[in-house]
Number of protein chains: 2
Amino acid sequence: MNKPEVPDFLKNIRIVLARPSHPGNIGSAARAMKTMGLSRLVLVSPKCFPDPEAVTLASGAADLLDNALVVETLSEALAGVSIACALTSRRRELSTPLSTPREVTPELLSRAASGEQIAIVFGNETFGLSIEEVECCNRLITIPGNPDYFSLNLAMAVQVVTYELFSQTGFKVDHLREEREPATLDEVEGFCRHLDDTMQHIGYFRRRNSDRLKRRMRTLFNRAALQREEVDILRGFLKQVQRAHDGAALPDDSAGA
Amino acid sequence: MNKPEVPDFLKNIRIVLARPSHPGNIGSAARAMKTMGLSRLVLVSPKCFPDPEAVTLASGAADLLDNALVVETLSEALAGVSIACALTSRRRELSTPLSTPREVTPELLSRAASGEQIAIVFGNETFGLSIEEVECCNRLITIPGNPDYFSLNLAMAVQVVTYELFSQTGFKVDHLREEREPATLDEVEGFCRHLDDTMQHIGYFRRRNSDRLKRRMRTLFNRAALQREEVDILRGFLKQVQRAHDGAALPDDSAGA
C-alpha cells in the first residue's frame, strides 16, 4: 500500500509566533509543524532569531526556519489572511467567538482548501497574546485541559493545534496496517465445529454442559476477528490433538517423521 | 460560570514509558500528562531516574515524578491492565488491531469509566518499542502525521495522546467564554430598519439600488451574530448620524454638551 500524500492546501495555513522569547521553542515549533505537514512559519519580533538553538531543536525541520518570514508587527504577519485564530487559555472580555481546535478545524481546512489564507497565532511564552494582538484576530481558540494545572509550553501548544489540523485532513494510516485476510463466517464456523468434535473426541464434555461450552467458544471466536491463517494454525493444532489422543501421533519435528 | 472538574476515572489510565533514555523527556511527559488531567506514570527501567533534569522539565508536575512507579519489566508495568496500547510509527508484522488515538479513545474512556485499568505504552526515544514489548500489548496505536518527515519527540507523543484522551471526556470550555446576550431577530430587524431610514435620510440611496443594498445589509447583520449591546451601540451611532446630518449635533464629548 502506497504512502498517502499530505494535502497541498496545508500551505495556506501559517503558524504565527508573536514575540517568542526562547529560540529553542521556535525550533521545536518548526519540528512540530513539519511533522504535521505544515510549512509556513511567521515570526513577529522574535527575541533571538536566527539562533543555533532553534536549528538544533528543529532537528530535520531547519528548512522551515530558513523559509520563516520575520516581521515587526502582527498586522504584517496577517497580510492577506481571512481567518486568524488567537490561541488563549484565559477568559477574554471580547465577544469574538471562542472554540476548541477540534471545533474550528473543519472550517479552517475547508477555507484553506478553497484558497483562503489562514493564520493561527500563538503569544509569548510568559505573557501570551496582548489584547491588541487578540483584537487583530477574528477567532479565539483554546485547548481544553486540566483547569487546576494548565501548563502547555509554546511548542506543545503548536503540536496539539497542528496535530488537530492534520488529523482532520482525512489522512489514512492504512499503509501502517498489516494486510489482513479475514476468515469468512463459514470458515470460523468450520473451525468451531472442528473444535466441538475434538472436545467430544477427547472426552472433554463428560459431566459438562456441552451446549453451553460450545456456544461460549463460538461467541469467543466470532468476536476475535480471526484471520484465515489463524484458522489454519488452529485447525492444524486440533488435528494433532486428535492424533495424539489416538496414540498415533509422532511429534511434528521428530527425526523419523 | 464554575470551572468544570477533571473526570475521576482518568486515574485508571496509566502512561508507561519503556526504557526512556533522557530524564528531561520523563519530566516533559509528566508535565504533558498533568496538563491533560492524567496522574499515573510508570517507568520501565529508565536510564536515569530520579534526576534533577526531570524535575526541572516537569515544572509544576513534579508530584507525578514523586508518585511514579519504577519497575524492571513491561509485564510488571501492565499488572492488572485489561487494555494496553502500544504506540508505534512503523508497520508491525502483527495482526494486533491498529488504530489512531482518536479512534481508540472512546473505548479507552468507557472502559476506564467502568473501572478497568488501561495503559498506553511509549517506547525508547531512539528505538521505539521492541517486538517483545509490543507483544505484551493488545492494541497498536499510531499518530497520523507527515509520512515524509515524522519526528515526534517522546514528550510530544505523550502530549498528543493525552490531549486526545482529555478532549474526548466531554470537558467544556464554557468557563472561558464571555457571557453573551445575543440580540433577538426582532432587535436585529429593528436595527436594520433604523439603518435603512438613516441611509435614506442622509441621501445615500440616491442613484443606488436601495432594495439590493438593504437586503445586503440585512444578510450581513443577521450573519454577524449581533449581541444586544452591539445593537445599542450601533443604534446610538445612527441617531448621532441623523442629528449630525440635520446640523443639530454637538460632539458627544464637547465641553458645552
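To find a chain, count down the sequence lines: A is the first, B the second, and so on, and within it residues start at 1. Computed from a prediction, not measured in an experiment: that's the story for all the values here.
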When only pairs under 4.5 Å are counted, which of [options] shares the most heavy-atom pairs with chain B?
| options | result |
| --- | --- |
| L152(A), T100(A), L94(A), V6(A) | L152(A) |
| K34(A), E5(A), Q159(A) | K34(A) |
| R102(A), E230(A), R92(A) | R102(A) |

[X] versus chain B, heavy atoms under 4.5 Å apart: side chain, backbone, both or neither?
| X | answer |
| --- | --- |
| S89(A) | backbone |
| E229(A) | neither |
| E93(A) | both |

Quick one: what part of [X] sits under 4.5 Å from any heavy atom of chain A, side chain, backbone, both or neither?
| X | result |
| --- | --- |
| E178(B) | both |
| R180(B) | side chain |
| T96(B) | backbone |
| A225(B) | neither |
| T88(B) | neither |
| Y163(B) | side chain |
| F166(B) | side chain |
| A58(B) | backbone |
| E181(B) | neither |

Can you check whether M156(A) reaches M156(B) side chain to side chain, under 4.5 Å on heavy atoms?
->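 M156(A) vs M156(B): side chains touch.
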Side-chain heavy-atom pair I143(A), M36(B) within 4.5 angstrom cut-off |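 When only atoms from C-beta onward are counted, M36(B) and I143(A) do touch, with a gap below 4.5 Å.
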In terms of heavy-atom pairs under 4.5 Å, which option from [options] contacts chain A the most?
| options | value |
| --- | --- |
| P97(B), P144(B), A32(B), G37(B) | P144(B) |
| L140(B), N153(B), T169(B) | N153(B) |
| V160(B), L10(B), D148(B) | V160(B) |

More than 12 foreign heavy atoms under 6.0 Å from [atom1] of [X]: is that the case here?
| X | atom1 | answer |
| --- | --- | --- |
| K11(A) | NZ | yes |
| R228(A) | CZ | yes |
| L185(B) | CG | no |

Value rounded to 0.5 Å, distance of CG in L176(A) from CD1 in I141(B) =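 It is 12.5 Å, given to the nearest 0.5 Å.
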Atom pair OH (Y149(B)) and OG (S59(A)), whose distance is rounded to the nearest 0.5 Å |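 These two atoms lie 4.5 Å from each other.
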Which pair of heavy atoms, one from R91(B) and one from H175(A), lies closest together, and at what distance?
->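 The answer is NH1-O, 3.7 Å.
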Any donor and acceptor pair, going by atom type alone, linking the side chain of S151(B) with main-chain N or O of T35(A) inside 3.5 Å?
->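 Checked: no pair found.
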